[in-house]
Amino acid sequence: MAKDAFIMILSVYSIEMEHVMVQANQQDDDRYKRLCERIVERCRQQNWYGPDYHSYTSHRGYFYIDGELQSREPSHDLETHFEFPLATEEQLRLSEAVMGFEHPPFLRALYLQVANGGFGPGSGLTGALGGFCYWIHRDPRYTAMQKEKLVKKYGEASCLDWFSDFFDPILFDLEQHEERYDHPRDISLSRREWPTYFLHLCKDEGQDDVYLHAKSGHLYAAVRGYGGEATLRGDEMSTRLFRIDGSLEDWFERWLDGIPPVQWYQK
């Protein structure tokens with residue numbers, strides 16, 4: 001009897017926990033939907049459906065079926081329409097397959113409910129394959145295409161030598177790294193070091209790159225290192241990662257509320 005009672009209690013607990021998780025997921029979905037609606041409304045009110053920092057983004061990258069990344073002038077009037085349509089599940093699955101991990105839920109919502117990139121902070125949100133792309137270095141979605149193009153131009157040996165940081169990186173677990181070094185606010189990387197689960201979001205107005213660590217949900221600004229500084233392991237520093245406060249949702253909330261980007265993270 002005691003065993004039967006324990007099994008019954010465990011079953012009831014499992015049902016209650018499942019219900020709690022369903023409610024939590026629904027609350028997240030509702031928040032994502034509201035945020036997406038606010039983004040679309042902001043674009044409508046301001047009569048601007050492109051990126052905030054658009055002086056350097058008059059050309060857009062496309063991922064064509066033949067695997068070539070093309071540049072062209074916007075074909076839509078960005079005062080009235082988004083340049084890129086909503087992403088499809090097929091495009092998202094292809095991007096996730098290429099990168100080897102799922103995109104975070106809110107990023108998926110942005111692609112599926114707003115547009116496939118090309119809007120928002122900085123140079124505009126990088127889209128899933130088939131969408132907006134402004135910066136393709138250190139982005140696994142475009143590595144194979146970039147490598148093929150450069151190998152044809154320079155040869156494989158030269159390509160691997162000159163662009164080893166892009167095509168032969170030393171990948172590492174960012175969460176383990178932060179834990180090992182007592183969770184620093186900024187992380188120094190050598191030329192070839194690069195975290196796994198990194199998704200490019202945009203370039204900010206200072207031309208620093210903003211990334212989302214898909215595994216933890218943390219955001220980082222990647223800044224080129226200068227002056228011969230060294231990493232924690234004594235290697236020459238090439239890139240510094242600065243942790244941005246809050247989640248991707250918070251990042252867009254601040255953007256919607258008109259908070260200056262300089263206040264989005266602490267250096």
Side-chain angles (χ1 to χ4, degrees), residues 32-96 98-99 103-146 149 199-212 214 219 248-249 251-258 261 264:
Y32 301 158
K33 183 178 180 180
R34 289 194 298 270
L35 275 173
C36 289
E37 290 173 345
R38 287 181 62 197
I39 290 170
V40 174
E41 179 60 19
R42 181 186 192 271
C43 294
R44 187 193 67 79
Q45 290 182 356
Q46 296 191 356
N47 296 317
W48 182 250
Y49 292 78
D52 284 354
Y53 191 58
H54 50 84
S55 61
Y56 290 118
T57 55
S58 59
H59 291 79
R60 306 305 175 89
Y62 252 134
F63 176 79
Y64 287 109
I65 295 176
D66 61 5
E68 287 289 331
L69 189 67
Q70 305 290 342
S71 294
R72 63 169 177 79
E73 295 290 343
S75 59
H76 289 70
D77 180 359
L78 296 182
E79 294 184 355
T80 59
H81 294 89
F82 291 108
E83 171 70 8
F84 293 89
L86 301 179
T88 65
E89 280 288 349
E90 182 180 0
Q91 288 173 320
L92 288 180
R93 285 195 296 269
L94 178 58
S95 289
E96 291 170 338
V98 169
M99 302 199 78
H103 293 351
F106 180 53
L107 186 61
R108 283 183 130 262
L110 289 170
Y111 293 154
L112 293 170
Q113 299 178 34
V114 181
N116 196 359
F119 62 91
S123 62
L125 180 68
T126 298
L129 288 174
F132 174 79
C133 177
Y134 176 60
W135 183 248
I136 58 179
H137 297 303
R138 294 196 184 279
D139 190 326
R141 286 168 289 199
Y142 301 100
T143 298
M145 284 184 288
Q146 279 289 94
K149 181 178 180 180
L199 275 164
H200 187 263
L201 293 180
C202 72
K203 275 186 172 295
D204 65 18
E205 293 187 9
Q207 291 295 287
D208 296 332
D209 292 285
V210 180
Y211 287 87
L212 170 66
L219 284 84
L248 179 62
E249 298 93 292
W251 192 62
F252 267 97
E253 289 269 17
R254 291 192 287 266
W255 176 71
L256 286 166
D257 291 339
W264 293 4

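A quick note: this is a predicted structure, and the numbers were derived from the prediction, not measured.
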Taking all atoms of both residues into account, what is the closest heavy-atom pair of [X] and [Y], and its distance?
| X | Y | result |
| --- | --- | --- |
| Gly120 | Trp255 | CA-CZ2, 3.5 Å |
| Gly124 | Cys202 | O-CB, 3.3 Å |
| Leu112 | Leu86 | O-CD1, 3.3 Å |
| Asn116 | Phe84 | O-CB, 3.8 Å |
| Gly117 | Tyr111 | N-CD2, 4.3 Å |
| Pro104 | Leu212 | CG-CD2, 3.6 Å |

Practice prompt. Report yes or no: does Glu79 contribute a side-chain atom to a donor-acceptor pair with the main-chain N or O of Asn47 at less than 3.5 Å?
Written response: no
Practice prompt. Check the pair Gln113, Glu37 against side chain to side chain contact (heavy atoms under 4.5 Å, CB included), reporting the backbone distance first and the verdict last.
Written response: CA-CA 8 Å; Gln113 299 178 34; Glu37 290 173 345; over 6 Å; no
How long is the straight-line distance from [atom2] of [Y] back to [atom1] of [X], given to the nearest 0.5 Å?
| X | Y | atom1 | atom2 | result |
| --- | --- | --- | --- | --- |
| Leu129 | Leu94 | CG | CG | 5.0 Å |
| Leu256 | Trp251 | CG | CH2 | 11.0 Å |
| Arg38 | Asp257 | CZ | CG | 5.0 Å |
| Cys43 | Leu78 | SG | CG | 10.0 Å |
| Leu35 | Glu253 | CG | CD | 4.5 Å |

Practice prompt. Step by step, work out the side chain to side chain contact (heavy atoms under 4.5 Å, CB included) result for Thr126 and Leu199.
Written response: CA-CA 9 Å; Thr126 298; Leu199 275 164; over 6 Å; no
Fill in: Pro121 and Tyr53, any side-chain heavy atoms less than 4.5 Å apart
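Side chain of Tyr53 against side chain of Pro121, heavy atoms only: no contact under 4.5 Å found.
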Fill in: Steps toward salt bridge (charged side-chain N to carboxylate O under 4.0 Å, His left out) verdict (Arg44, Glu41)
CA-CA 5 Å; Arg44 187 193 67 79; Glu41 179 60 19; 2.5 Å; yes
Discussion item. Regarding Glu89 and Arg108, does a basic nitrogen lie under 4.0 Å from an acidic carboxylate oxygen?
Written reply: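 Here Glu89 pairs with Arg108 in a salt bridge, since their nearest N and O are under 4.0 Å apart.
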Item to complete: Before accepting this row, confirm whether a basic side-chain N of the pair Glu90/Arg93 lies closer than 4.0 Å to the acidic partner's carboxylate O.
Response: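 The answer is no: the pair does not qualify as a salt bridge.
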Practice prompt. Mind telling me whether Phe119 and Phe252 have parallel, tilted or perpendicular rings, with 30° and 60° as the class edges?
Written response: tilted
Discussion item. Walk me through whether Ile39 and Leu110 qualify under side chain to side chain contact (heavy atoms under 4.5 Å, CB included).
Written reply: CA-CA 9 Å; Ile39 290 170; Leu110 289 170; 3.5 Å; yes
Worksheet item: Is the Tyr49 to Phe82 ring centre distance short of 6.0 Å?
Response: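 Aromatic pair counts; centres sit under 6.0 Å.
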